[in-house]
Number of protein chains: 2
Amino acid sequence: MKVRNNISNSGQVQVPTPTLRRLPGYLSYFKALKIGGVEQVSSGQIASVFKMDSTLVTKDLSYTGVKGRTKVGYNVEQLIETIVRFLDFNTRENAFLFGVGNLGRALINYQGLQHYGLNIVAGFDTDPGVINTQIRGVKIHALDDFRDLSIKTPARIGIITTPDGSAQEVADLAVAWGIKAIWNFTPQSIKVPENIIVENTSIYSDLAVILNKLNH
Amino acid sequence: MKVRNNISNSGQVQVPTPTLRRLPGYLSYFKALKIGGVEQVSSGQIASVFKMDSTLVTKDLSYTGVKGRTKVGYNVEQLIETIVRFLDFNTRENAFLFGVGNLGRALINYQGLQHYGLNIVAGFDTDPGVINTQIRGVKIHALDDFRDLSIKTPARIGIITTPDGSAQEVADLAVAWGIKAIWNFTPQSIKVPENIIVENTSIYSDLAVILNKLNH
DNA sequence: AATAAGATGTGAAATATATAACAACATAAT
DNA sequence: ATTATGTTGTTATATATTTCACATCTTATT
Ligand SMILES: NC(=O)c1ccc[n+]([C@@H]2O[C@H](COP(=O)([O-])OP(=O)(O)OC[C@H]3O[C@@H](n4cnc5c(N)ncnc54)[C@H](O)[C@@H]3O)[C@@H](O)[C@H]2O)c1
Ligand SMILES: NC(=O)c1ccc[n+]([C@@H]2O[C@H](COP(=O)([O-])OP(=O)(O)OC[C@H]3O[C@@H](n4cnc5c(N)ncnc54)[C@H](O)[C@@H]3O)[C@@H](O)[C@H]2O)c1
């Protein structure tokens with residue numbers, strides 16, 4: 001009896017995941033405000049931009065420890081600094097990227113990531129036509145080169161953008177090399193040891209939500 | 001007083017959003033099972049793959065109307081058909097894509113979307129070097145060409161993959177052309193009329209979750 | 001100076017989501 | 001046939017998240 005898996009919620013999460021997921025959106029808005037020369041912003045303004053309740057905004061912001069002033073609002077500069085620090089977007093976290101195809105290439109080219117704490121230090125691919133090329137200073141390697149690289153520039157994050165079918169084998173490899181967190185862009189679900197972090201980015205989930213809203 | 005916005009949750013949502021977001025993941029797994037020749041699968045198996053509670057799996061699946069058989073499990077073929085129909089992944093929904101750069105090009109090249117209900121019928125860009133080229137049969141147009149196109153192949157979905165700064169102006173344009181839903185890949189939050197659907201796909205949210213798990 | 005008004009911040013209530021408990025049932029083994 | 005076992009599906013409970021209510025504070029106005 002009682003066959004059902006009971007995944008214990010080990011790590012006691014202090015900040016709600018929904019909050020964590022909303023914070024980068026606020027941050028991007030605050031950066032735009034700063035560029036526009038705006039120095040103060042109220043929770044009501046923020047709420048109207050994101051179409052949500054303003055108390056939720058204040059709750060979200062309170063987790064980061066930022067303090068607003070009554071009648072004045074929050075200081076934009078301070079918001080940016082606090083959130084960036086809170087989300088660890090100020091640390092340069094090294095990452096390896098596996099599968100330098102359409103999406104992988106786009107991610108390496110994407111300079112935005114560097115301003116959000118992620119530093120792709122190397123790409124890996126099986127295609128001889130891609131190996132030993134460079135994209136924005138990031139060198140693409142054969143899978144065998146890992147040993148040298150993980151010594152020179154160790155990375156804790158592995159980004160998987162290979163074809164669906166290769167996701168599991170690449171994940172196994174990455175884990176064997178000491179990768180601690182896998183960012184999986186394939187729709188394939190992958191199995192990893194207990195202590196390895198996996199985050200799946202599935203655009204199909206977003207698509208499902210869009211189609212549902214459109215049709216119902 | 002009572003300045004706080006109270007966004008009424010109009011459309012009475014029958015299926016929880018978390019469920020909606022999990023279903024494509026299941027679907028992808030079931031498709032892999034089918035390829036592997038597996039005909040039946042139990043909620044326990046599914047749960048262990050996705051590291052979740054099996055009752056949640058059955059709850060999620062029950063929303064789609066699919067029926068499992070005691071002691072046997074669910075029929076894989078039937079699961080696929082039911083979920084595809086439930087998520088409207090069987091309908092070909094036309095979409096315009098704005099901003100044929102790194103990410104936009106990847107999305108057009110990505111054939112996966114076609115199997116998930118989305119049909120990108122045209123791209124738009126401002127770069128003369130890109131205009132009038134073709135990617136996988138999808139023609140890239142100047143922004144002015146919209147009138148002809150929206151008559152020939154009307155689209156309800158607009159995908160925005162322009163630089164951050166152009167997101168709002170492109171959104172305004174798209175709405176003016178009759179786009180009903182905007183799929184925004186920029187981190188920029190955009191303002192649209194009440195009746196327009198906006199779905200933001202932010203990889204920064206995923207990144208925030210990863211960094212949080214890694215560091216805390 | 002006193003008062004009014006607008007905004008934050010916090011604890012309580014409401015809602016949404018996930019987990020647990022259990023009944024019903026199909027299959028396999030005895 | 002009968003019993004044991006594994007699995008679905010539903011109802012109840014627990015947890016997580018959001019919304020509400022209100023006290024508190026800051027600035028502007030008279
Ligand atoms: N293209 C998109 O816009 C997009 C969007 C969302 C998700 N995805 C997913 O991302 C993944 C990649 O998509 P894509 O369009 O970039 O595919 P792609 O075919 O363009 O690129 C895949 C790359 O991986 C390489 N590769 C193959 N096997 C490998 C291995 N074992 N180790 C390392 N590299 C290997 C290939 O040589 C190729 O360069 C797919 O799973 C897809 O479902 C793509
Ligand atoms: N590259 C990625 O992997 C990635 C990942 C996540 C999010 N994003 C976001 O996607 C967006 C695009 O990123 P990218 O790397 O593809 O940028 P990019 O610069 O490679 O592409 C942008 C394209 O948009 C075109 N464009 C500019 N103004 C336009 C306008 N007004 N109308 C139509 N087209 C216009 C440009 O000519 C260019 O072709 C950015 O907001 C970025 O933050 C990118």
Side-chain angles (χ1 to χ4, degrees), chain A residues 1-23 25-26 38-76 78-79 82 205 209 212, chain B residues 1-23 25-26 38-76 78-79 82 205 209 212:
Chain A
M1 86 225 49
K2 189 71 73 57
V3 182
R4 317 213 151 152
N5 331 13
N6 192 5
I7 303 299
S8 71
N9 196 6
S10 43
Q12 61 277 24
V13 179
Q14 63 282 59
V15 51
T17 306
T19 295
L20 214 48
R21 299 188 62 87
R22 280 189 294 268
L23 283 170
Y26 300 147
V38 180
E39 292 185 356
Q40 302 287 335
V41 64
S42 75
S43 64
Q45 282 177 264
I46 303 167
S48 86
V49 168
F50 291 93
K51 298 216 174 87
M52 55 195 290
D53 192 287
S54 64
T55 54
L56 185 51
V57 173
T58 63
K59 269 249 164 82
D60 284 343
L61 295 181
S62 74
Y63 283 107
T64 70
V66 74
K67 292 292 171 193
R69 285 176 61 205
T70 296
K71 185 82 177 184
V72 172
Y74 299 86
N75 178 273
V76 172
Q78 208 170 309
L79 278 169
T82 310
S205 294
V209 173
N212 183 265
Chain B
M1 80 218 47
K2 188 73 74 58
V3 182
R4 318 216 151 151
N5 330 16
N6 192 4
I7 303 299
S8 71
N9 196 5
S10 44
Q12 60 278 25
V13 179
Q14 62 282 58
V15 51
T17 307
T19 295
L20 212 50
R21 298 188 63 86
R22 282 190 293 268
L23 284 170
Y26 300 147
V38 179
E39 292 185 355
Q40 303 287 337
V41 64
S42 75
S43 65
Q45 282 177 263
I46 302 166
S48 86
V49 168
F50 290 93
K51 298 219 173 82
M52 55 195 290
D53 193 288
S54 64
T55 55
L56 185 52
V57 173
T58 62
K59 250 212 178 132
D60 284 344
L61 295 181
S62 74
Y63 283 106
T64 69
V66 73
K67 292 291 172 196
R69 284 176 60 206
T70 294
K71 184 81 175 185
V72 172
Y74 298 86
N75 179 273
V76 172
Q78 209 170 308
L79 279 169
T82 310
S205 295
V209 174
N212 183 264

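Note that the structure is predicted; figures quoted are calculated from it, not measured.
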Across the strands shown, which category fits Lys59(A) at heavy-atom distances under 4.0 angstrom: base, sugar-phosphate, nothing?
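Lys59(A): base contact, heavy atoms under 4.0 Å.
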
With sugar-phosphate meaning primed atoms plus P, OP1 and OP2, does Ser42(A) contact a base, only sugar-phosphate, or nothing at under 4.0 Å between heavy atoms?
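Since only primed, P, OP1 and OP2 atoms lie under 4.0 Å of Ser42(A), the category is sugar-phosphate.
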
Under 4.0 Å between a side-chain N/O of [X] and OP1 or OP2 of [N], yes or no?
{"X": "Ser43(A)", "N": "dT8(C)", "value": "yes"}
{"X": "Tyr74(A)", "N": "dG9(C)", "value": "yes"}
{"X": "Arg22(B)", "N": "dT17(C)", "value": "no"}
{"X": "Thr55(A)", "N": "dT19(D)", "value": "no"}

Integer-rounded Å distance: [N] [atom2] and [X] [atom1]:
{"X": "Ile46(A)", "N": "dT8(C)", "atom1": "CD1", "atom2": "C1'", "result": "12 Å"}
{"X": "Leu61(B)", "N": "dT7(D)", "atom1": "CG", "atom2": "P", "result": "15 Å"}
{"X": "Asp60(B)", "N": "dG9(D)", "atom1": "CG", "atom2": "C1'", "result": "14 Å"}
{"X": "Leu56(B)", "N": "dT10(D)", "atom1": "CG", "atom2": "P", "result": "15 Å"}
{"X": "Asp53(A)", "N": "dA7(C)", "atom1": "CG", "atom2": "P", "result": "15 Å"}
{"X": "Leu23(B)", "N": "dT17(C)", "atom1": "CG", "atom2": "P", "result": "13 Å"}
{"X": "Lys67(A)", "N": "dT10(C)", "atom1": "NZ", "atom2": "C1'", "result": "10 Å"}
{"X": "Gln40(A)", "N": "dG6(C)", "atom1": "CD", "atom2": "P", "result": "18 Å"}

Going by side chain to side chain donor-acceptor pair (under 3.5 Å), name the residues that satisfy it together with Arg69(A), two or more places apart in sequence or in a different chain.
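Counting only residues at least two positions away or on another chain, Arg69(A) forms no side chain to side chain donor-acceptor pair (under 3.5 Å).
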
Partner set under side chain to side chain donor-acceptor pair (under 3.5 Å) for Thr82(A), not counting sequence neighbours:
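In terms of side chain to side chain donor-acceptor pair (under 3.5 Å), with neighbours along the sequence ignored, Thr82(A) is linked to no residue.
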
Quick test: give all pairs of protein nitrogen or oxygen and nucleotides 27-30 of chain D nitrogen or oxygen below 3.5 Å, distance rounded to 0.1 Å.
| from | atom 1 | to | atom 2 | distance (Å) |
| --- | --- | --- | --- | --- |
| dT27(D) | OP1 | Arg69(A) | NH2 | 2.1 |

Taking only residues two or more places apart in sequence, or in another chain, which ones meet Ser205(A) in a side chain to side chain contact (heavy atoms under 4.5 Å, CB included)?
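With neighbours one apart ignored, the set is Ser202(A), Arg21(B), Pro24(B).
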
Name all residues meeting the side chain to side chain contact (heavy atoms under 4.5 Å, CB included) criterion together with Glu39(A); count only those two or more places apart in sequence or in a different chain, and write none if there are none.
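Expected list: none.
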
Between Ser62(B) and Tyr63(A), which has a closest nucleotide on DNA chain D that is more 5'?
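Comparing both residues, the 5'-ward one is Ser62(B).
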
Gln40(B) versus Asn75(B): any side-chain heavy-atom pair under 4.5 Å?
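Yes; the side chains approach each other to less than 4.5 Å.
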
Can you check whether Gln45(A) reaches Val38(A) side chain to side chain, under 4.5 Å on heavy atoms?
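SC-SC contact between Gln45(A) and Val38(A) ruled out.
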
Return the set of residues passing ring-ring contact (aromatic ring centres under 6.0 Å, His included) with Tyr26(A) (not counting sequence neighbours), or none when no residue passes.
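In terms of ring-ring contact (aromatic ring centres under 6.0 Å, His included), with neighbours along the sequence ignored, Tyr26(A) is linked to Phe50(A).
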
